[in-house]
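Here the structure comes first, spelled out in structure tokens, and everything after it is commentary.
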2 protein chains.
Amino acid sequence: MLSRRCTYGLQAALFLASQERGAYIPIQRISECLGLSFHFLTKVLQHLTHHGLLRSLRGPHGGVALARPPGQITLKEIVVAIDGPDLFEACVLGLPGCGEQKPCPLHEDWKEVRGCLRNAFAGTTLAMLVAEPERLAAWQACWTTSPDAASAHS
Amino acid sequence: MLSRRCTYGLQAALFLASQERGAYIPIQRISECLGLSFHFLTKVLQHLTHHGLLRSLRGPHGGVALARPPGQITLKEIVVAIDGPDLFEACVLGLPGCGEQKPCPLHEDWKEVRGCLRNAFAGTTLAMLVAEPERLAAWQACWTTSPDAASAHS
DNA sequence: CTGGTTTAGGACTCTTTTGTCTTTATTATA
DNA sequence: TATAATAAAGACAAAAGAGTCCTAAACCAG
């Protein structure tokens, strides 16, 4: 469904949304908390920075931060930045010419499912996923290491 | 969303559903009509045969045929046979422990989308996609070569 | 200005997916 | 029985995805 790069990007964005607003967080710390490869995550986040979804700062006290308030960043933006728009636009059967003029037999049915998908991703912001204390706790429970433990270790 | 193997499998199954009921069709002909690589398609269809979704027969007048009436084969069966059940079961964020006991922040929202996906694939049979003359024509328009032209050529 | 910290960028490896080719086994027909 | 047609099976090549590593550039603190 989503590439691994994409799930890493979403996880990191969600992580940043759950941290102090606007703070630069080192990628090293994100990778440790989420249990992801540091170097690989670095590439994914560089990609998001190029697409204007993240800001970055080098040097001590540097790191990455959300470029906009988490309430203004949707999951769809992140997915499209990493995996491209195919998930929300391409033919399910992978037929090259499929479209309104030359619809495949699944075209009309799939339009509905695609709408469902698009609504889910475009209608969900990062803020929505960490606003309720319940969800925030659920998210933090997914981390392999707590950020406090990670910062205490340094 | 779906692997290429999977889209090839779906296309071939749909092709068989639009042919004379129960007839063995050579893979060569399928690949020519759909414009797919013969050898690669062969592998995909062997896979579907192993999973009991197709029957096959070697030798002259051999080929592959649907193992059951097209009204009793759903798209979901084909997808699961080729790509596995992940699309309909796994966590969107790719979190290993995500489930009812330890839900990720998207878990509940995603359950709905997943249901939408599952309904679409499990609720659609091959027969439904070729029953209406309109859809059948749309499907045949997707072929690069007509089966008549292909058979006339031999 | 120096040294440590952090992102940026590129080269490289490993794995999976995609695709090709060759050989073998099976079947129908003449 | 001989021949041609066809799926089955496996070896191989090419491309993309995933992941590692190293060097450079930027930044901050002393």
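Between B:Glu108 and B:Lys111 there is a salt bridge, since at least one side-chain N of the basic residue sits less than 4.0 Å from a carboxylate O of the acidic one. Salt-bridge formation is detected for the pair A:Asp109/B:Arg135: a Lys NZ or Arg NE/NH1/NH2 atom is positioned less than 4.0 Å from an Asp or Glu carboxylate oxygen.
At the heavy-atom level, A:Tyr24 lies nowhere under 4.0 Å from the strands shown. Contact annotation for A:His47: no contact, since no heavy-atom pair falls under 4.0 Å across all strands. Residue contacts shown for A:Leu45 are absent, as no nucleic acid heavy atom lies under 4.0 Å away.
The distance between atom CD1 of A:Ile82 and atom C1' of D:dA18, rounded to the nearest whole Å, is 14 Å. Between the CG atom of B:Leu57 and the C1' atom of C:dT29 there is a distance of 14 Å, given to the nearest Å. Protein atom CZ of A:Phe40 is 19 Å distant from nucleotide atom P of C:dC12, rounded to whole Å.
Taking the six-membered ring where the residue is Trp, the centroids of A:Trp143 and A:Phe15 are separated by under 6.0 Å.
The side chain of B:Phe38 has D:dA7 as its nearest neighbour among C:dA8, D:dA7, C:dG9. Checked against D:dC28, D:dA18, C:dT20, the side chain of A:Pro60 finds its nearest nucleotide in D:dC28. In this structure, of D:dA7, D:dC21, C:dT7, it is C:dT7 that holds the atom nearest to the side chain of A:Ser56. Checking C:dT7, D:dA8, D:dA7 against every side-chain atom of B:Ile27, the shortest atom distance belongs to D:dA7.
Judged by atom type and distance alone, A:Arg58 reaches the base of D:dA25 through a side-chain donor-acceptor pair under 3.5 Å. At a cut-off of 3.5 angstrom, the base of C:dT20 holds at least one donor-acceptor pair with the side chain of B:Lys43.
Positionally, the nearest nucleotide of DNA chain D for B:Pro26 lies more toward the 5' end than for the other of B:Pro26 and A:His61.
Remark: side-chain polar atoms of B:Arg114 are paired, donor with acceptor, to backbone N or O of B:Ala90 under 3.5 angstrom.
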